[in-house]
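Taking it in order: structure first as structure tokens, then the write-up.
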Amino acid sequence: MANSKNDRGRRRGGGGKRRSPKTRPGGRITRKEDARIRRFQTVVDEANACQDPLQLLPPSLRSVPVPSSSLASEESSASILEGATDAAATSASNTTTATAAVRHYASSSSSNLPPNILKQCLDLFRRNMGGMYEKSDWGLDMEKKEDELRHADAKFLVVVSSSPSESNDDAATRNGDGDDATTTGHDGTERRDAAPVVIAFAHFRYELLDVPAMPITYLYELQVHPKHRSLGLGRHLMTIIERLSAIMGMQKIMLTAFRSNRNAMRFYESRCGYSVDESSPSNFNDEEDAEECDYEILSKVVPKGGGSIIVVGGRVKIRYECGTYAGTIAEVRPTTSSQSDTTTKLDNVVKRIRVRWDCGDPDEEFDSNEDGISFM
């Protein structure tokens, strides 16, 4: 599967006609909006600082079963390229079961993308997307693509093949992710593994959207090797990204896809529930350059639950896995009356609450319907 495009598509999307933030007559951002932006930036910073996010997910999401026949063919190809003997390739082809591990890498941490993995990701991108880029008005620039993958905020989910005889527990105790990794078995002995083979990867970042201000996950790449398509790898990676986005407090997931890539468009819209974002060029047909854009910006709202608003008595918490915002209820507005109530009695008639943050940020209001407030 091939799909999302690079930074240039994001910056061009919308043609400058996005909604403006709430400002005072002089054009300045209001205190409330400024407080929201600073709070959202904190959410993004804390999400980027999370070192091992896969540990926050169920073990079932950290690996994916792959038919050994297709896996063996890829391992054989990689072994031959690395100068391995044909005997090793033949041994791999005789296996019947295999488990591919999902690994997380982040450019800003010690778990950055190893050179061997980076090269395979670039090769897979060229294989899947090279022709589409060459036909576009952008052209194919692999140096810029490599710079994009090396970005300080870049994060990756990489599906790599592991030895078919290796159990999930063995894979979990794997040491090192470079060209020469070792695996520790149940008996305590170490063995040298073949170089990991990339069969799918996703490149994404946690970012602060400017207008309207909100923390988002932007998916830059989702690539699956042609021999491993229709096995659920793309959907598996999207599930992980959506779960992590909720845990980290992101409000939306966005991506860019070529309109001509019908398989990718169908995958995102029909199977994953994405739709054309308000900033996509197709929403601005009155602009002269709208017809020149050969891509769409798609998005999906992150389901509530990762950054839920919890009210206990007179205290309010917006809880994320990577941090918590806390404050005190300063005002309650019931649905049955326009009168304000400063008591801590909360029930089903509550419509809006005003929160006074402990950190000193200006007060902020939340709607019980729109913002998913949980009263406990």
Side-chain angles (χ1 to χ4, degrees), residues 3-22 29 32-33 35-48 50 53 56-57 151 153-155 157 202-222 234-235 237-257 264-265 267-284 295-309 318-323 325 364 366-367 369-373:
N3 52 342
S4 44
K5 299 168 70 175
N6 61 19
D7 296 276
R8 290 175 289 182
R10 292 194 51 215
R11 290 198 294 268
R12 292 180 59 190
K17 284 195 174 183
R18 295 178 181 176
R19 291 179 296 171
S20 299
K22 297 179 180 178
I29 295 177
K32 179 179 178 180
E33 184 66 18
R36 286 172 59 86
I37 292 173
R38 287 190 288 118
R39 178 162 62 84
F40 290 155
Q41 184 62 60
T42 299
V43 171
V44 172
D45 292 343
E46 292 179 343
N48 282 323
C50 186
L56 306 174
L57 301 177
H151 190 279
D153 295 330
K155 301 190 182 305
L157 294 173
H203 164 211
F204 62 100
R205 303 178 197 169
Y206 300 123
E207 302 177 344
L208 179 63
L209 187 66
D210 50 357
V211 180
M214 70 174 69
I216 66 166
T217 299
Y218 210 101
L219 177 66
Y220 285 79
E221 294 295 338
L222 177 63
R235 190 67 189 94
L237 291 178
M238 291 301 294
T239 298
I240 295 177
I241 290 173
E242 291 173 7
R243 292 283 292 271
L244 289 178
S245 296
I247 290 173
M248 298 300 172
M250 301 299 115
Q251 296 186 4
K252 182 191 284 190
I253 301 173
M254 302 178 69
L255 60 94
T256 313
M265 293 291 292
F267 169 77
Y268 289 121
E269 293 181 324
S270 300
R271 296 198 59 192
C272 300
Y274 286 71
S275 58
V276 175
D277 189 74
E278 61 182 358
S279 64
S280 190
S282 63
N283 290 322
F284 305 93
Y295 61 89
E296 291 281 12
I297 298 177
L298 306 180
S299 66
K300 179 179 181 179
V301 175
V302 176
K304 297 292 184 182
S308 57
I309 303 172
I318 301 183
R319 184 176 299 163
Y320 304 104
E321 187 68 36
C322 54
Y325 262 84
E364 190 169 353
F366 295 96
D367 188 286
N369 294 323
E370 297 178 1
D371 296 312
I373 303 175

Kindly indicate whether the side chain of [X], heavy atoms from C-beta on, has any atom under 4.5 Å from the side chain of [Y].
X    : Y    : answer
I247 : L57  : yes
K300 : K252 : no
F204 : L157 : yes
I297 : V276 : no
T217 : I241 : yes

Quiz item: Between M238 and F267, does a side chain to side chain contact (heavy atoms under 4.5 Å, CB included) hold up when you go through it step by step?
Solution: CA-CA 11 Å; M238 291 301 294; F267 169 77; 4.0 Å; yes
First locate atom [atom1] of [X], then atom [atom2] of [Y], and finally report the distance between them rounded to the nearest 0.5 Å.
X    : Y    : atom1 : atom2 : answer
C272 : L255 : SG    : CG    : 9.0 Å
L209 : M250 : CG    : CE    : 12.0 Å
S279 : F284 : OG    : CZ    : 7.0 Å

Quiz item: For C50 and L56, what are the C-alpha separation, side-chain angles and deciding distance, and is it a side chain to side chain contact (heavy atoms under 4.5 Å, CB included)?
Solution: CA-CA 10 Å; C50 186; L56 306 174; 4.3 Å; yes
Practice problem: Not counting sequence neighbours, which residues clear side chain to side chain contact (heavy atoms under 4.5 Å, CB included) with D153? List them please. | Solution: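 Partners of D153 under the side chain to side chain contact (heavy atoms under 4.5 Å, CB included) test: N48, H151, R205.
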Practice problem: Evaluate the criterion side chain to side chain contact (heavy atoms under 4.5 Å, CB included) for residue pair V302 and E242; output intermediate values, then yes/no. | Solution: CA-CA 7 Å; V302 176; E242 291 173 7; over 6 Å; no
Self-check item: With sequence neighbours excluded, residues passing side chain to side chain donor-acceptor pair (under 3.5 Å) with Y206
Solution: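 Listed in chain order: nothing, the list is empty.
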Self-check item: Pairing residues for T239 by the side chain to side chain donor-acceptor pair (under 3.5 Å) criterion, not counting sequence neighbours
Solution: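 Side chain to side chain donor-acceptor pair (under 3.5 Å) check on T239 returns R235.
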Quiz prompt | Full working for side chain to side chain contact (heavy atoms under 4.5 Å, CB included) between V43 and M248 | solution = CA-CA 7 Å; V43 171; M248 298 300 172; 5.9 Å; no
Can you see which heavy atom on [X] is nearest to which on [Y], and at what distance?
X    : Y    : result
L208 : P215 : CD1-N, 4.2 Å
A213 : R36  : O-NH2, 4.4 Å
A202 : L222 : CB-CD1, 3.9 Å

Self-check item: Donor-acceptor contact below 3.5 Å, side chain K155 vs main chain H203
Solution: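 No, the answer is negative, given that no donor and acceptor are paired below the 3.5 Å cut-off.
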Self-check item: Flag, side chain of S299 to backbone of M254, donor-acceptor distance under 3.5 Å
Solution: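 No; zero donor-acceptor contacts below 3.5 Å.
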Quiz item: Do we see a donor-acceptor contact under 3.5 Å between the side chains of E296 and T256?
Solution: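 No, because no side-chain N or O of E296 sits under 3.5 Å from a partner of the opposite role on T256.
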